[in-house]
Amino acid sequence: MSIIVVSNTGVRDIRHDIGTSEKPDFRSFDFKGGENSDSVAISKAIGCNKGARAIGKKILEMLNKDEDVWKRIKVPILRPAIERVLREEEKIDAFYLFYTDQKDPNHKQNDTINIAKILELFFKREFKGQISSTRLEPIEKDPHKKDVAYRFFGQKLPEIAPLDKTKTLYVILSSGVPALNDGLSDQAVRMYKKSCRLYQVKEIPEDELRKGYESKRVEKAAVDPLIKDSLIGTVGSLIQRYDYAGALIAYDEYRGHTFWKKNISCILRYLTERKNFNFEEAEKALSKINASDSFTKNLCDKAKNFTFDEKFFDNFYLISIAQENGDYTELVWRVRAFYENALRYIVAKGLNYDPLLKLRRIDRKILRNKCTECYNSLIDDQKVKKEKGAWLVNSYLLKQICKYVSNLGSSFGNALQLLKEEAISSTIELANNMLHNFRGVSKNDIPEDLFSILENITKTLFEEIKENPYDEINEYLLNTLEKS
């Protein structure tokens, strides 16, 4: 996998000293300012026509004759940018410089073709062994038109940096005209996403540049607001549908860009694991978060100890979410989990034995001590799965125990009666048929009164319905995205 760097070439990328050793005066090839421009000053000093093409050609001739001319050349933008990349990478496999070489004679004067040739020689000379290859790519028409630039880079980037062979594409956005940089950055972000890094060199005052100083600050460049807003809109829509896995994939595609926030990624991963009942992984997902506010601190604290009640309410609301989103196969499996865990809760509270809420097996001695009559009825029951002095906790065992504990409280009896409703049993049958017969599940298969029955069971067991815990987290994420 390759490390590729790309940059446009501009008239400010090279500065040539037209001053003295005591008072250096490094000028760019910029033609802004008319007769008072840097371009005119250099052309007079070295004896050539005005314009970047002519000045570059003259300096190439001078370099070919005298190596000492390099002492009078500075590369104040691209040099620090390349040094920044090399702080992150041991080596650059290819450095591509896009230059203008227009066919229209009215625009040829300030084309950057010869600037690019000087830069090619400079980087081969100064970064020998660190840049495997420096290559030049021409732009032959309309460099000032963003739509043209966008199409050009859309075709060119995959040619020079194949998506399946490029580890990281570094894009330097401080050289060349704005339209070219816009087209380059938009296509790079669109195609390479998290494999793309945008950089810009922080400008320093002109008087310092003329003295030969170079910028020391190279910063991450911002993604085009339209691309960022489009992504945030997509991620926000997925969050509102509680599709945290999809939101995480979409969001992390732009990992490393300025708007990407680690906290959002960590919370989305946490929610993905939490929805799948992987509570240990959910806690790990928050281990890298920057808990700088009360909300994230509370989120981290709660992740360390999910109670049975919180897990039950999670599943209850996830059934509702699956119904809203039309995820009916997920819905039927969550109803099955609701059913068995409601039985488990009734048994645990009826026996006054809360450890049952976490155990997959129950010691027969515990059951004998807690409910002897129930124990005696099950000791020879062949349907009960027995393992080394313990019984496996499943829906069959729980239903049998429930026969003996329901009389310990009217709420348990009421909940058990509701669990026998046709809406629940038919939904569980849908889950079984889907597993064994590949039978699909549609909206019409789901009983209309299913959720109201589940709600009544939950109220009977826990006395009240807690608020959907995901809604508060969604609000936090959406607000944070809006501010990023």
Side-chain angles (χ1 to χ4, degrees), residues 5-19 24-33 36-85 95-102 108-128 131 134-139 143 172-178 180-181 199-216 218:
V5 181
V6 295
S7 174
N8 288 304
T9 305
V11 293
R12 299 180 300 117
D13 286 336
I14 291 175
R15 284 186 172 257
H16 184 268
D17 186 9
I18 60 174
D25 187 9
F26 287 88
R27 297 296 187 101
S28 71
F29 295 13
D30 197 345
F31 51 87
K32 290 181 180 179
N36 295 319
S37 68
D38 281 2
S39 175
V40 170
I42 293 183
S43 64
K44 288 179 179 179
I46 63 176
C48 69
N49 293 330
K50 293 181 291 184
R53 184 185 287 268
I55 295 171
K57 182 180 179 181
K58 179 66 175 181
I59 291 178
L60 282 168
E61 293 171 355
M62 294 163 59
L63 287 170
N64 191 44
K65 295 177 181 177
D66 185 359
E67 282 279 313
D68 284 344
V69 173
W70 283 114
K71 297 176 182 178
R72 305 186 72 82
I73 289 177
K74 293 286 185 181
V75 182
I77 295 174
L78 290 175
R79 182 189 189 115
I82 290 296
E83 288 174 344
R84 168 63 186 267
V85 174
F95 178 25
Y96 287 89
L97 287 163
F98 295 98
Y99 64 86
T100 57
D101 185 19
Q102 300 170 84
K108 293 180 74 69
Q109 182 182 16
N110 284 303
D111 276 336
T112 57
I113 176 172
N114 291 323
I115 296 176
K117 289 179 179 179
I118 297 170
L119 290 171
E120 180 185 21
L121 294 174
F122 174 84
F123 284 106
K124 286 180 177 178
R125 172 191 173 93
E126 296 294 320
F127 293 88
K128 188 176 181 180
I131 302 176
T134 301
R135 305 174 190 177
L136 307 183
E137 292 286 341
I139 299 171
I172 302 168
L173 296 172
S174 296
S175 301
V177 297
L180 288 178
N181 284 322
Y199 283 126
Q200 60 186 7
V201 179
K202 187 72 173 178
E203 292 189 12
I204 61 174
E206 177 65 23
D207 61 331
E208 292 186 21
L209 288 167
R210 291 193 178 185
K211 292 176 183 177
Y213 295 115
E214 296 177 354
S215 176
K216 299 298 181 183
V218 181

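- Heavy atoms from other residues, nucleotides or ligands lying under 6.0 Å from CG of Asp66 number more than 12.
- Scored by the side-chain hydrogen bond (donor to acceptor under 3.5 Å, both in side chains) test, Lys211 finds no partners at all (sequence neighbours excluded).
- Here the closest non-hydrogen pair linking Pro80 and Ser215 is CB-O, 3.4 Å.
- Residues Ala52 and Asn110 share a closest heavy-atom pair of N-OD1, 3.2 Å.
- Listed by chain and residue number, nothing satisfies the side-chain hydrogen bond (donor to acceptor under 3.5 Å, both in side chains) test with Glu126 (two or more places apart in sequence, or in another chain).
- Of all non-hydrogen atoms in Ser39 and Gly51, the two that sit nearest each other are OG-N, 3.3 Å.
- Lys108 NZ: more than 12 foreign heavy atoms inside a 6.0 Å radius.
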For residues 6-18, please give each side-chain donor-acceptor pair under 3.5 Å, one per line with the distance, not counting sequence neighbours.
unit_1	atom_1	unit_2	atom_2	d
Asn8	ND2	Leu180	O	3.4
Asn8	ND2	Asn181	OD1	3.0
Thr9	OG1	Phe98	O	3.0
Arg12	NH2	Ser174	O	3.4
Asp13	OD1	Ser175	OG	2.6
Asp13	OD2	Gly10	N	2.6
Asp13	OD2	Ser175	OG	3.3
Arg15	NH1	Phe26	O	2.9
Arg15	NH1	Glu206	OE2	3.2
Arg15	NH2	Glu206	OE1	2.9
Arg15	NH2	Glu206	OE2	3.3
Asp17	OD1	Gly19	N	2.8
Asp17	OD1	Asp25	N	2.7

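- Scanning for side-chain hydrogen bond (donor to acceptor under 3.5 Å, both in side chains) contacts around Arg125 gives Glu67, with sequence neighbours left out.
- Here the CZ-CD1 distance, from Phe29 to Ile55, works out to 6.0 Å after rounding to the nearest 0.5 Å.
- Across Val201 and Ala81, no two heavy atoms sit closer than the pair CG2-CB, 3.9 Å.
- With a 4.5 Å cut-off on side-chain heavy atoms, Ile59 and Leu63 count as touching.
- Rounded to the nearest 0.5 Å, atoms CD1 (Ile73) and CD1 (Ile118) are 5.5 Å apart.
- In terms of the ring pair (Phe, Tyr, Trp, His ring centres under 6.0 Å) criterion, residue partners of Phe123 (sequence neighbours excluded) are, by chain and number, Phe95, Phe127.
- Among pairs with a residue in residues 113-122, those fulfilling side-chain hydrogen bond (donor to acceptor under 3.5 Å, both in side chains) read Glu120-Lys124, at least two apart in sequence or across chains.
- Annotation: salt bridge (charged side-chain N to carboxylate O under 4.0 Å, His left out) contacts of Lys65 (sequence neighbours excluded): none.
- Taken to the nearest 0.5 Å, the CZ atom of Phe122 stands 14.0 Å off from the CD1 atom of Ile115.
- In this structure the side chain of Pro143 reaches within 4.5 angstrom of the side chain of Gln102, judged on heavy atoms.
- We find the OG1-CG distance between Thr134 and Leu97 to be 7.0 Å, quoted to the nearest 0.5 Å.
- Not a single ring pair (Phe, Tyr, Trp, His ring centres under 6.0 Å) links Tyr99 to another residue, sequence neighbours left out.
- Annotation: Glu203, atom CD; neighbour count of heavy atoms from other residues, nucleotides and ligands within 6.0 Å does not exceed 12.
- In terms of the salt bridge (charged side-chain N to carboxylate O under 4.0 Å, His left out) criterion, Lys58 has no residue partners (sequence neighbours excluded).
- From Ile172, atom CD1 reaches atom CG of Leu78 across 5.5 Å, with rounding to the nearest 0.5 Å.
- Residues Val177 and Thr100 form no side-chain contact, since every pair of their non-hydrogen atoms from C-beta on lies 4.5 Å or further apart.
- Listed by chain and residue number, Arg79 satisfy the side-chain hydrogen bond (donor to acceptor under 3.5 Å, both in side chains) test with Glu83 (two or more places apart in sequence, or in another chain).
- Between the OG atom of Ser28 and the CZ atom of Arg210 there is a distance of 8.0 Å, given to the nearest 0.5 Å.
- Here the closest heavy-atom approach between residue Pro76 and residue Glu214 is recorded as CA-CG, 3.7 Å.
- Between Leu60 and Leu121 the shortest side-chain heavy-atom distance falls below 4.5 Å.
- Considering only residues two or more places apart in sequence or on other chains, Arg53 meets the salt bridge (charged side-chain N to carboxylate O under 4.0 Å, His left out) condition with Asp101, Asp111.
- Contacts of Glu137 classified as salt bridge (charged side-chain N to carboxylate O under 4.0 Å, His left out), with partners at least two apart in sequence or in another chain: Lys156.
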